[in-house]
Amino acid sequence: MGLFSAPTPLSGRPVHPLAPLNGVIFNNGPTWRDTRRFSLTTLRDFGMGKQGNEQRIQREAHFLLEALRKTHGQPFDPTFLIGCAPCNVISDILFRQHFDYNDKTCLRLMSMFNENFYLLSTGWIQLYNNFSGYLRYLPGSHRKLMKNISEIKDYALERVKDHRDSLEPSCPRDFTDTLLMEMEKEKYSAEPIYTLDNIAVTVADMFFAGTETTSTTLRYGLLILMKYPEVEEKLHEEIDRVIGPNRIPAIKDRLDMPYLDAVVHEIQRFIDLIPSNLPHEATRDTVFRDYIIPKGTVVIPTLDSVLYDSQEFPEPEKFKPEHFLNENGKFKYSDHFKAFSAGKRVCVGEGLARMELFLFMAAILQHFNLKSLVDPKDIDLSPITIGFAKIPPHYKLCVIPRSQV
Ligand code: LZ1
């Protein structure tokens with residue numbers, strides 16, 4: 001039973017001064033419901049079966065491991081090296097496209113995703129959000145943000161047009177083809193949903209959302225593991241026992257790997273990546289507990305209020321995989337684990353992201369020991385800025401092949 005007087009009354013999205021009217025994430029218009037539903041189904045279809053997400057991620061894990069090997073134990077900034085892995089997974093789903101780990105276009109896209117995530121978490125943008133009418137024409141980082149958004153959308157539009165020109169309706173190659181076929185079906189509609197603009201914004205939404213959060217979580221996660229070498233050591237032990245050195249990690253291993261499962265959950269809980277969720281809006285007058293929330297009210301269902309609940313997670317400010325383990329060392333489910341939000345706006349990439357986090361973490365630790373450049377005790381895990389997201393500190397690390405240890 002819900003807490004509300006009517007089903008899903010808080011699934012609106014306030015109009016944001018920087019937000020497009022189309023796509024899935026920021027869309028609050030008439031095209032949202034259909035675009036979301038269709039995107040979810042399409043992601044699910046491309047995710048299932050033999051050519052599905054598990055294989056897609058396993059294939060990418062080989063490229064990631066190779067790029068890590070090529071660092072030859074030297075210090076490197078993990079941001080874009082690690083980021084290539086989720087970027088390629090979503091790029092394969094959207095465009096059937098794979099980038100080399102030093103591809104210029106890929107690096108350009110990732111650096112714009114990364115910069116936007118950072119800018120959205122700075123004080124200036126918080127101010128801009130509230131006073132955009134006054135600030136729009138002034139110089140400031142909102143201009144950089146808008147410029148990046150426009151370049152990302154142009155890139156997506158180019159890919160959509162390439163796909164349109166080579167579309168073979170009898171065999172859609174990817175997510176973009178599938179949306180283009182919906183456009184074709186609506187050719188004579190007076191109010192089409194799948195316009196070129198909506199397809200481009202939807203694809204751009206999937207692209208940056210599918211890259212940046214997973215990339216940041218992996219990067220933050222590795223920093224946490226360097227601070228707690230005893231956690232890393234337990235992970236190596238579990239991986240060696242369950243998977244061994246020779247085969248690539250699989251999703252079925254999760255059942256036998258409660259410790260890694262708990263660590264991945266605890267990383268997501270602890271880093272609290274998007275602490276204030278995305279803003280919601282009451283789509284009608286709503287009764288919540290003893291309050292009346294009038295239609296149009298912006299509602300911020302904060303995620304840190306559940307992720308840092310001290311009843312559910314004792315000492316919530318500490319990184320403790322035991323938050324997700326029972327006395328017998330088995331994985332302990334928590335209904336407070338709401339890193340992906342909930343309800344009609346719940347993250348459409350949740351399944352994909354969880355699979356990537358588990359498989360990429362397992363593959364990295366199967367093959368490498370992490371080496372910090374500073375004493376683990378001196379690693380500061382505090383975010384460098386908090387706003388839309390909590391952004392991890394910049395750092396370098398070394399990865400040492402385990403066969404050489
Ligand atoms: C998102 C992400 C990034 C930005 C906004 C929403 N959902 C990733 N998932």
Side-chain angles (χ1 to χ4, degrees), residues 11-28 32 35-36 39-40 43-44 47 53 79 82-83 85-87 89-91 93-94 109-122 125-126 129 142 145-146 148-153 156 175 201-221 264 267-269 271-281 298 300-304 307 337-357 360 383 385-392:
S11 60
R13 191 69 94 210
V15 175
H16 189 276
L18 293 169
L21 299 174
N22 263 322
V24 172
I25 300 177
F26 302 104
N27 190 347
N28 192 39
W32 169 66
T35 309
R36 177 183 164 96
S39 299
L40 204 51
L43 284 179
R44 195 170 295 154
N53 286 338
T79 310
I82 300 276
C87 186
V89 169
I90 192 70
S91 171
I93 295 171
L94 299 176
L109 288 163
M110 285 193 296
S111 76
M112 291 189 291
F113 299 159
N114 186 269
E115 186 172 47
N116 284 3
F117 215 45
Y118 174 82
L119 291 176
L120 283 167
S121 306
T122 57
I125 298 294
Q126 313 295 317
N129 288 344
H142 60 289
L145 189 67
M146 288 190 275
N148 287 346
I149 291 171
S150 140
E151 190 176 332
I152 293 164
K153 186 177 159 189
F175 185 93
V201 176
T202 301
V203 162
D205 277 357
M206 300 297 141
F207 202 14
F208 76 78
T211 300
E212 197 49 33
T213 39
T214 307
S215 167
T216 307
T217 303
L218 289 168
R219 180 166 87 251
Y220 220 148
V264 170
I267 288 169
Q268 288 199 263
R269 184 201 71 78
I271 71 172
D272 181 24
L273 188 60
I274 304 190
S276 305
N277 207 335
L278 272 68
H280 286 237
E281 187 179 280
V298 175
I300 299 179
T302 60
L303 299 179
D304 54 2
L307 296 177
F337 181 78
K338 287 285 178 281
F340 297 96
S341 189
K344 293 285 172 196
R345 290 274 182 176
V346 68
C347 180
V348 298
E350 171 169 357
L352 177 65
R354 293 174 76 149
M355 232 191 228
E356 288 189 53
L357 294 175
F360 286 140
T385 180
I386 305 180
F388 174 71
K390 289 191 183 176
I391 305 295

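Counting starts at 1 for both ligands and their atoms, following the listed order.
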So which protein heavy atom does atom 4 (C) of ligand 1 come closest to, and at what separation? Phe208 CE1, 3.5 Å
Under the rule for side chain to side chain donor-acceptor pair (under 3.5 Å), what residues qualify as partners of Thr79, not counting sequence neighbours? Asp77
Near Ala209, which atoms of ligand 1 are under 4.0 Å from a heavy atom of that residue? 1 (C), 2 (C), 3 (C), 7 (N), 8 (C), 9 (N)
Name the closest protein heavy atom to atom 5 (C) of ligand 1, giving the residue it belongs to and the distance to 0.1 Å. Phe388 CZ, 3.4 Å
Please confirm whether the ring centroid of Phe117 lies under 6.0 Å from the ring centroid of Phe208. no
If you count the non-hydrogen atoms of other residues, nucleotides and ligands that lie under 6.0 Å from CG in Leu21, is the total more than 12? no
Atom CZ of Phe113 and atom SG of Cys87: how far apart are they, to the nearest 0.5 Å? 6.0 Å
